[in-house]
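The following block contains the structure, expressed as structure tokens.
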Amino acid sequence: MQQVYLDNAATTKVLPSIAEAMCKTMTDNYGNPSSIYKLGQQAKSILDTAREQVGELINASPKEIIFTGGGSEGDTMLLMGVAHAYAKKGKHIITTAIEHHAILHTCSALEKEGYTVTYLPVDEFGKVDPATVEAAITPETILISVMYANNEIGTIMPIREIGAVARKHGVLFHTDAVQAAGHIPIDVKADNIDLLTLTAHKFHGPKGTGAVYIKQGVKTGSLVYGGGQEKGLRAGTENTAGILGLGLAAVHAKENMKENSKRVTRLRDKLIAGINEKISEVRLNGHPTDRLPNNVNFSIRYIEGEGLLLLLDMAGIAASSGSACTSGSLDPSHVLLAIGLPHEIAHGSLRLTLSEFTTEEDIDYLLEKLPPIVDRLRQMSPLYSEKYNRV
Amino acid sequence: MYSAKVMDHFSNPRNVGVMEDYSGVGTVGNPVCGDIMKIFIKVEDNIITDIKFQTFGCGAAIATSSMVTELAKGKTIDDALKLTNLAVAEALDGLPPIKMHCSNLAADGLKAAIVDYKLKNGLPTDDINLDKECCHHSCCSCS
């Protein structure tokens, strides 16, 4: 059976050349980067190279890059670190209602510590208005954290404008760029970004390795106590193979971004047009144009997302949904609710995320399999037959 | 995640559809929660001779609906009333813990259909405890 992977926002396939290089380095360069002998120094040079490669991806200096264990760690480390380091200046943080849980749950933890957090609303496309951000700033505000692009609906935020607002008011600006990095151009200088989180496995690197950008002069803190690795911000012997993979993935992403983005966007738009054409009563979630090249998110009325995912899986298609059943809670996705979808429509969402490995055939296959699956679930749904008076 | 039996009932649901000449119909759940289930029964000589369901919900919701129709078909009203949500889940070789919570309301749907049948026929219903499973678990916005 054909296997079609359309869940690249969850994670991506590691590029085979990267996997190979990582394996090789585990046996060839196994020294501890902190050791002074050659084997250790070879490992250290791998870190130095990767630091430059990651810096180049986002126009940062290598000394502003700190390696982490991934996106959630990076978000937690930066928010906690900044909040604690600047507590004397104030205890107010501004973020949005549609952030990843790595941000939202860290904010809840900070609220328990006595911080105040403003969760800004978004419009129907998932965008936050920079004017709303500006209006929320108080003399107590120490940090603004707005994601670069949303993981569920793919909307790209007006980061440069929000960065300018933060700069104007002397407030630090963090962006969770986990879904954007390696997919769309990011320039921390032009975008006025002080802190940024990224992770390798969203752009064909390995899982468990990420990086944060900390603009020179910005104070943060560490979540892990131990040795002085990563300027004392991330203790523990470095994951040399993972970091090598992250660096190589950054190089690959930067070199191929223009071409991949163009090709993937074309496939995305074909998929969106195909679903709109073949299935009735669907709604594209997220911004029609300011969206990640690889993101498609639809609400499909009268059906629930989990059943859809199970039937797609039986047809060899891997996809994702914002339904309660798949979110592991009783409520559907907070992102879909924040853009104003009623619960029953949020339950029927389908997210399809592409990558450079996605082919025209994959899209055709999905467009062939999805309509009958939707029809089958609708035939089973009392909401559908009530609507069409077929009882 | 799901047992083979759940997957079987989800992918080949038994007795799915609507019934025109039903003796009773019951609806439980709430679209806001992501689960709604409708059961039609045909009762002849106090026996459920035919049963159909429609469900909006996850894999577990569809599988439990299918299973309850299979368990209830051919049973007397009294025996059908003894079916519980737990018994339905057990007949499916169990459900993941989170699904025991909200998506396991098929026996409630059957009870609601039986109550409807009894009311239509002037039969007493005070012996039937009609809790809406979804709501006494205070799931999302049922209240």
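Letters A, B, ... mirror the listed sequences (proteins, then strands); counts begin at 1.
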>> Taking side chain as everything from C-beta outward and backbone as N, CA, C, O, which of these in B/Ala60 sits under 4.5 Å from a heavy atom of chain A? Side chain, backbone, both or neither.
In response: backbone

> Are the side chain of A/Glu306 and the backbone N or O of B/Gly59 linked by a donor-acceptor pair below 3.5 Å?
Replying inline: yes

> Under a 4.5 Å cut-off applied to non-hydrogen side-chain atoms, are A/Met314 and B/Ser11 in contact?
Replying inline: yes

> Are A/Met380 and B/Pro13 side-chain neighbours, meaning at least one heavy-atom pair lies under 4.5 Å?
Replying inline: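 A/Met380 vs B/Pro13: side chains touch.
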
>> Quick check on A/Leu311 against chain B: is it the side chain, the backbone, both or neither that has a heavy atom closer than 4.5 Å?
In response: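 Its backbone and side chain both get close to chain B.
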
> Just checking, any donor-acceptor pair under 3.5 angstrom between side chains of B/Gln54 and A/Ser385?
Replying inline: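 Yes, side-chain donor-acceptor contact under 3.5 Å.
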
> Going from NE2 on A/His347 to CG on B/Asp35, what distance comes out if it is rounded to the nearest 0.5 angstrom?
Replying inline: 7.5 Å

> Is there side-chain contact between A/Glu386 and B/Lys38, with at least one heavy-atom pair below 4.5 Å?
Replying inline: yes

> Taking only residues at least two apart or on different chains, which pairs with a member in residues 57-67 of chain B satisfy salt bridge (charged side-chain N to carboxylate O under 4.0 Å, His left out)?
Replying inline: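 Non-adjacent pairs meeting salt bridge (charged side-chain N to carboxylate O under 4.0 Å, His left out): zero.
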
>> Within the structure provided, determine whether A/Leu310 and B/Met7 are in side-chain contact (heavy-atom separation under 4.5 Å).
In response: yes

> Can you name the closest pair of heavy atoms from B/Phe56 and A/Glu304 and give their distance?
Replying inline: CE1-N, 3.7 Å

>> Heavy-atom cut-off 4.5 Å, strictly under: side chain, backbone, both or neither for B/Ile62 against chain A?
In response: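 For B/Ile62, side-chain heavy atoms alone lie under 4.5 Å from chain A.
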
